[in-house]
J.: 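What follows is a single structure, and I will ask about it in a moment.
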Amino acid sequence: VQLQASGGGLVQPGGSLRLSCTGSGFTLGAYAIGWFRQVPRKEREGVASVYSAYGEYGPTFYADVVKGRFAIWRDNAKNTVYLQMNSLKSEDTAVYFCAAARPDPRLVWNEAEYTYWGQGTLVTVSS
């Protein structure tokens, strides 16, 4: 069972990036998938999550700081969850992780409810 996060890179403020979280050894569609991010000397924080209830178009959740700028969705055929990040700000700079939970978390940002974690992908927003 493995999660692979990819798509990070360097982008200018106001730009966009799309992160991908791909699963191997299990079906992402059966899990809630969350994106978390961490910067040095700060706690990891939840960014976006999509639950497995109701299939491919399950409930989505966003941290207040990214609402209206980020979007999360599944492509079950590709066993992948995407995080589209628009209108990026310097404060979005972080290592981004994807994580899988089953059943759907009772508390969306409770990391303890996410069982599998991918390695991080670095997003740098800078001019």
J.: Among all residues two or more places apart in sequence or in another chain, which pass the side-chain contact (heavy atoms from CB on, under 4.5 Å) test with Lys42?
T.: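 Applying side-chain contact (heavy atoms from CB on, under 4.5 Å) to Lys42 gives Val39.
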J.: State, with a plain yes or no, whether a side-chain heavy atom of Val11 is found less than 4.5 Å away from one of Ser16.
T.: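 Side-chain contact under 4.5 Å: no.
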J.: What heavy-atom pair brings Ala71 and Tyr62 nearest, and what distance separates the two atoms?
T.: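 Heavy atoms only, the tightest pair is CA-OH, 3.3 Å.
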J.: Establish whether Val65 and Phe61 are linked, either directly or via other cluster members, by ILVMFWY side-chain heavy-atom contacts under 4.5 Å.
T.: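 Each belongs to a different hydrophobic cluster.
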J.: Could you list all the side-chain hydrogen bond (donor to acceptor under 3.5 Å, both in side chains) pairs where at least one residue sits in residues 103-115, not counting sequence neighbours?
T.: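 Those involving residues 103-115 are Arg44-Glu111, Ser49-Tyr114, Ser52-Asp104, Asn110-Glu113.
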J.: Using links of under 4.5 Å between side-chain heavy atoms of ILVMFWY residues, direct or through other members, which residues join Tyr54 in one cluster?
T.: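 Joined to Tyr54, directly or through intermediates: none.
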J.: Holding to side-chain contact (heavy atoms from CB on, under 4.5 Å), I want the full list of residues that pass it with Ser127, two or more places apart in sequence or in another chain.
T.: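 Ser127 satisfies side-chain contact (heavy atoms from CB on, under 4.5 Å) with Pro13 only.
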J.: According to side-chain hydrogen bond (donor to acceptor under 3.5 Å, both in side chains), does anything in residues 17-29 pair up with another residue at least two apart or in another chain? List the pairs.
T.: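 Qualifying pairs: Arg18-Gln84, Thr22-Thr80.
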J.: Can you list every pair that meets ring pair (Phe, Tyr, Trp, His ring centres under 6.0 Å) and has a residue in residues 64-95, with sequence neighbours left out?
T.: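 Applying ring pair (Phe, Tyr, Trp, His ring centres under 6.0 Å) to every pair that reaches into residues 64-95, excluding sequence neighbours, yields Trp73-Tyr82.
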J.: Please list all pairs meeting salt bridge (Lys or Arg N to Asp or Glu O under 4.0 Å) that have one or both residues in residues 114-127, counting only residues at least two apart or in different chains.
T.: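 Residue pairs passing salt bridge (Lys or Arg N to Asp or Glu O under 4.0 Å), neighbours aside: none found.
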J.: Should the pair Trp117 and Phe97 be assigned to parallel (<30°), tilted (30 to 60°) or perpendicular (>60°) ring geometry?
T.: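 Rings of Trp117 and Phe97: perpendicular, as their planes differ by over 60°.
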J.: Trp35 and side-chain contact (heavy atoms from CB on, under 4.5 Å): which partner among Val50, Val66, Ile72?
T.: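 Between Trp35 and the candidates, side-chain contact (heavy atoms from CB on, under 4.5 Å) is satisfied uniquely by Ile72.
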J.: Looking at every heavy atom in both Tyr51 and Ala32, which two are closest together, and how far apart are they?
T.: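 Looking at all heavy atoms of both residues, the shortest contact is CD1-CB, 3.8 Å.
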J.: Under 4.5 Å between side-chain heavy atoms, chaining through other members, with only Ile, Leu, Val, Met, Phe, Trp and Tyr counted: pull out the rest of the cluster around Leu107, sorted by chain and number.
T.: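 Members besides Leu107: none; it forms no cluster.
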J.: I'd like to know if the side chain of Gln4 reaches the main chain of Gly118, judged simply by a donor and an acceptor atom lying under 3.5 Å from each other, with no hydrogens or angles considered.
T.: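 Here the side-chain-to-backbone pair does not exist.
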J.: Please, which pairs that meet ring pair (Phe, Tyr, Trp, His ring centres under 6.0 Å) have at least one residue in residues 1-29, sequence neighbours excluded?
T.: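 Matches after skipping sequence neighbours: Phe26-Tyr31, Phe26-Tyr116.
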J.: Search all heavy atoms of Gln38 against all heavy atoms of Ala94 and return the closest pair with its distance.
T.: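 Taking Gln38 first and Ala94 second, the nearest heavy atoms are O-CB, 3.4 Å.
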J.: Between Asn76 and Gly29, which heavy-atom pair has the shortest distance, and what is it?
T.: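 The pair with the smallest heavy-atom distance is OD1-CA, 3.7 Å.
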J.: Hydrophobic clustering (ILVMFWY, side-chain heavy atoms < 4.5 Å, transitive) - are Leu88 and Phe36 grouped together?
T.: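 They do not share one cluster, since no chain of ILVMFWY contacts under 4.5 Å joins Phe36 to Leu88.
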J.: Supply the atom-to-atom distance Arg74 CZ to Ile33 CD1, rounded to the nearest 0.5 angstrom.
T.: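 That separation rounds to 5.5 Å.
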J.: Which pair of non-hydrogen atoms, one from Ala53 and one from Pro59, has the smallest distance, and what is that distance?
T.: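 Nearest heavy atoms, Ala53 then Pro59: O-CD, 3.4 Å.
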J.: If you round to the nearest 0.5 Å, how far is OG1 of Thr60 from NZ of Lys67?
T.: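 Rounded to the nearest 0.5 Å, the NZ-OG1 separation comes to 10.0 Å.
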J.: Return each pair, listed once, that meets side-chain hydrogen bond (donor to acceptor under 3.5 Å, both in side chains) where at least one residue sits in residues 90-101; pairs must be two or more places apart or across chains.
T.: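 Found Arg37-Asp92, Arg37-Tyr96, Arg69-Asp92.
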J.: What disulfide bond (SG atoms under 2.5 Å apart) pairs are there with at least one residue in residues 14-116, not counting sequence neighbours?
T.: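 Every pair satisfying disulfide bond (SG atoms under 2.5 Å apart) with a residue in residues 14-116: Cys21-Cys98.
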J.: Sequence neighbours left out, what pairs pass disulfide bond (SG atoms under 2.5 Å apart) with at least one residue falling in residues 38-88?
T.: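 As it turns out, there is no disulfide bond (SG atoms under 2.5 Å apart) pair with a partner in residues 38-88 once direct neighbours are skipped.
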J.: Any chain of hydrophobic side-chain contacts (each under 4.5 Å) joining Val81 to Leu17?
T.: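 Yes, it is one cluster - the side chains of Val81 and Leu17 are joined through contacts under 4.5 Å.
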